[in-house]
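Here is the structure we will look at, set down as structure tokens.
What you see below is based on every heavy atom in this structure, not just the backbone, and it leaves out hydrogens, waters and symmetry mates. Predicted model, so just to flag it, every value in this text is computed and none were measured.
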Amino acid sequence: METDHVEKRNAAMKKLLLIISCILLSIGTAGGPLVMRLYFIHGGKRVWLSSWLETGGWPIIFIPIAMAYCYRRKTEGPSTKLFFMKLPLFIASAVIGVLTGLDDYLYAYGVARLPVSTSALIIAGQLAFTALFAFILVKQKFTSFSINAVVLLTIGAAVLGLNTSSDRPEGESNKEYIAGFLMTVAAAALYGFVLPLIELTYKKAKQTITYALVMEIQLVMCLFATLFCTVGMFIDNDFKVIPREARNFGLGETSYYVVLVFSAIVWQGFFLGAVGVIFCASSLLSGIIIAVLLPVTEVLAVIFYQEKFQAVKGVSLALSLWGFVSYFYGEIKHSKQEEKGKEAEISEKKKDTPEATQVPHQLEP
């Protein structure tokens with residue numbers, strides 16, 4: 001009974017953690033592109049700075065790490081460790097961090113050249129690549145519901161691509177537009193590879209993966225991604241240009257720095273949410289949540305930036321919601337089948353050992 005109680009408590013905690021991670025991922029997915037685009041719309045031009053902001057908020061992770069440490073110290077005593085990460089896992093996290101930094105630059109370059117509605121193509125490619133690499137790297141099992149969700153969400157996002165020709169920003173050359181488009185596709189492919197790679201790292205790690213360790217992994221990843229982008233900022237002289245760009249910013253100098261800080265915070269929520277969902281569920285679910293929030297980003301872009309909401313965006317919204325419902329219906333059905341299987345297994349064991357049922361429960365406090 002004690003073991004069952006602990007398992008139920010752990011399962012409840014994992015569900016709560018999954019909900020929190022989904023909320024963080026949702027805020028980051030919908031808010032990140034909008035804040036980044038706000039910077040470019042009002043006069044910002046530094047692509048390396050924008051990519052740096054995507055992971056530059058990494059010190060925020062020290063807050064949950066410290067809270068987890070204080071809780072462990074209270075329950076386990078002063079001998080508990082502050083950090084659990086071992087060298088092999090540190091190296092793997094650093095490599096993924098560099099790849100994330102490169103992806104940050106590709107994504108920021110695309111957002112600088114394309115409107116929010118057009119950058120939605122990133123999600124279309126990303127989900128397809130996430131599903132592909134999840135199958136190759138972590139042997140992700142697909143059900144008819146998850147396949148249906150991937151297809152619907154990919155089609156729903158790709159439908160938005162039919163509208164890109166009318167969304168080209170004024171004064172932008174065809175060459176710049178194509179470069180931005182190709183960069184977004186490259187960013188989609190790379191991040192579609194990174195998500196299952198993180199899941200593979202969890203599986204191959206030669207130590208127990210707890211959420212405290214997940215936050216350490218995220219800290220190292222964001223640190224190395226930020227270092228990668230910092231080198232780019234030095235090469236591009238971004239640090240020298242920032243004060244002048246702030247003075248000329250369309251919303252004012254103070255608003256310029258507020259946008260930068262808020263961007264760093266929102267993007268950090270995105271990454272914390274993504275690794276949390278991977279830890280609690282899978283990289284595929286992380287990709288699906290990102291994809292289903294595409295229409296939300298579209299609606300917010302219409303509200304805040306007065307972008308046009310054509311019929312194709314309505315179709316995309318319907319397909320995305322359909323795919324999202326399909327995935328979670330399949331997950332609920334699968335979890336119910338697993339519970340029935342466990343109950344049947346327990347009842348079979350009780351039949352095989354009838355004397356066990358006669359032993360009183362002495363473990364209860």
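For Phe135, the CZ atom sits in a loose shell: 12 or fewer heavy atoms of surrounding residues, nucleotides or ligands are nearer than 6.0 Å.
Smallest separation of non-hydrogen atoms from Cys222 and Gln268: SG-OE1, 3.5 Å. For Tyr211 against Leu272, the heavy-atom pair with the smallest separation is OH-O, 4.4 Å. Of all non-hydrogen atoms in Ala187 and Asp103, the two that sit nearest each other are O-OD1, 2.6 Å. Closest approach of Leu89 to Ala205, counting heavy atoms only: CD1-CB, 4.0 Å. Taking each heavy atom of Met221 and Ser93 in turn, the nearest pair found is CG-O, 3.4 Å. Of all non-hydrogen atoms in Ala225 and Gly101, the two that sit nearest each other are CB-N, 3.6 Å.
Taking 4.5 Å as the limit, every side-chain heavy atom of Thr29 sits out of range of all side-chain heavy atoms of Ile289. Inter-residue side-chain proximity for Ser50 and Val111 is flagged as unmet; no heavy-atom pair is nearer than 4.5 Å. Residues Gln218 and Val214 have side chains not in contact (no heavy-atom distance under 4.5 Å, counting atoms from C-beta outward). Arg72 is not listed as a side-chain neighbour of Lys81, based on a closest heavy-atom distance of 4.5 Å or more. At least one side-chain heavy atom of Tyr202 sits less than 4.5 Å from a side-chain heavy atom of Val275. Put simply, the side chain of Tyr107 does not reach to within 4.5 Å of the side chain of Thr184, judged on heavy atoms. With a 4.5 Å cut-off on side-chain heavy atoms, Ile65 and Phe83 count as touching. Considering only heavy atoms from C-beta on, Leu137 comes within 4.5 Å of Phe193 through its side chain.
Under a cutoff of 6.0 Å and an axis angle of 45°, Lys240 and Phe234 do not form a cation-pi pair. For the pair Arg247 and Phe249, the cation does not sit on the ring face, since its NZ or CZ is not both under 6.0 Å from the ring centre and inside 45° of the axis.
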**OP:** Given side chain to side chain contact (heavy atoms under 4.5 Å, CB included), test Val241 with Arg244 step by step and report yes or no.
**Re:** CA-CA 6 Å; Val241 176; Arg244 184 175 72 244; 3.8 Å; yes
Original post:
Stepwise, does the side chain to side chain contact (heavy atoms under 4.5 Å, CB included) test hold for Tyr71 with Glu76?
Top reply: CA-CA 8 Å; Tyr71 176 77; Glu76 300 174 14; over 6 Å; no
Original post:
Taking it one step at a time, do Thr55 and Phe224 satisfy side chain to side chain contact (heavy atoms under 4.5 Å, CB included)?
Top reply: CA-CA 9 Å; Thr55 52; Phe224 277 85; over 6 Å; no
**OP:** Could you check Phe271 against Thr100 for side chain to side chain contact (heavy atoms under 4.5 Å, CB included), going step by step and ending with a plain yes or no?
**Re:** CA-CA 10 Å; Phe271 284 109; Thr100 302; 3.8 Å; yes
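Val98 and Trp58 fall within the same hydrophobic cluster, defined by Ile, Leu, Val, Met, Phe, Trp and Tyr side-chain heavy atoms under 4.5 Å apart, directly or through other members. Linking ILVMFWY side-chain heavy atoms closer than 4.5 Å, directly or via other members, places Ile60 and Val266 in two distinct hydrophobic clusters. Both Tyr69 and Leu213 sit in one connected hydrophobic cluster of ILVMFWY residues. Membership requires side-chain heavy atoms under 4.5 Å apart, directly or through other members. Val95 and Val231 fall into different hydrophobic clusters, where Ile, Leu, Val, Met, Phe, Trp and Tyr are joined by side-chain heavy atoms under 4.5 Å apart, directly or via other members. Residues Tyr257 and Leu49 share a hydrophobic cluster, clusters being chains of Ile/Leu/Val/Met/Phe/Trp/Tyr side chains in contact below 4.5 Å.
One side chain, Thr230 or Trp52, offers a donor N or O that lies under 3.5 Å from an acceptor on the other. A donor and an acceptor atom, one from each side chain of Tyr256 and Glu245, are located under 3.5 Å apart.
Annotation: the span from Leu114 atom CG to Tyr109 atom OH amounts to 10.0 Å, rounded to 0.5 Å. Atom CZ of Phe129 and atom CG of Leu195 lie 13.0 Å apart (nearest 0.5 Å). Within the model, atoms CG of Leu219 and CZ of Phe90 stand 9.5 Å from one another, a figure rounded to the nearest 0.5 Å. From Leu18, atom CG reaches atom CD1 of Ile23 across 10.0 Å, with rounding to the nearest 0.5 Å. To the nearest 0.5 angstrom, Ile209 atom CD1 is 4.5 Å from Ile217 atom CD1. Within the model, atoms OG1 of Thr80 and CZ of Arg73 stand 9.0 Å from one another, a figure rounded to the nearest 0.5 Å.
Between the side chain of Ser51 and the main chain of Trp48, a donor-acceptor pair closer than 3.5 Å is present. Of the possible polar contacts, one joining the Glu216 side chain to the Met85 backbone as a donor-acceptor pair under 3.5 Å is found. A donor-acceptor pair is defined here as one N or O able to donate and one able to accept, closer than 3.5 Å; no such pair exists between the side chain of Glu253 and the backbone of Asn248. Of the possible donor and acceptor atoms, none in the side chain of Arg113 sits under 3.5 Å from a partner among the backbone N and O of Ile178. In this structure a side-chain-to-backbone donor-acceptor pair under 3.5 Å is missing from Asn237 to Met233.
Between Tyr191 and Phe270, the two ring planes are tilted [angle within 30° to 60°].
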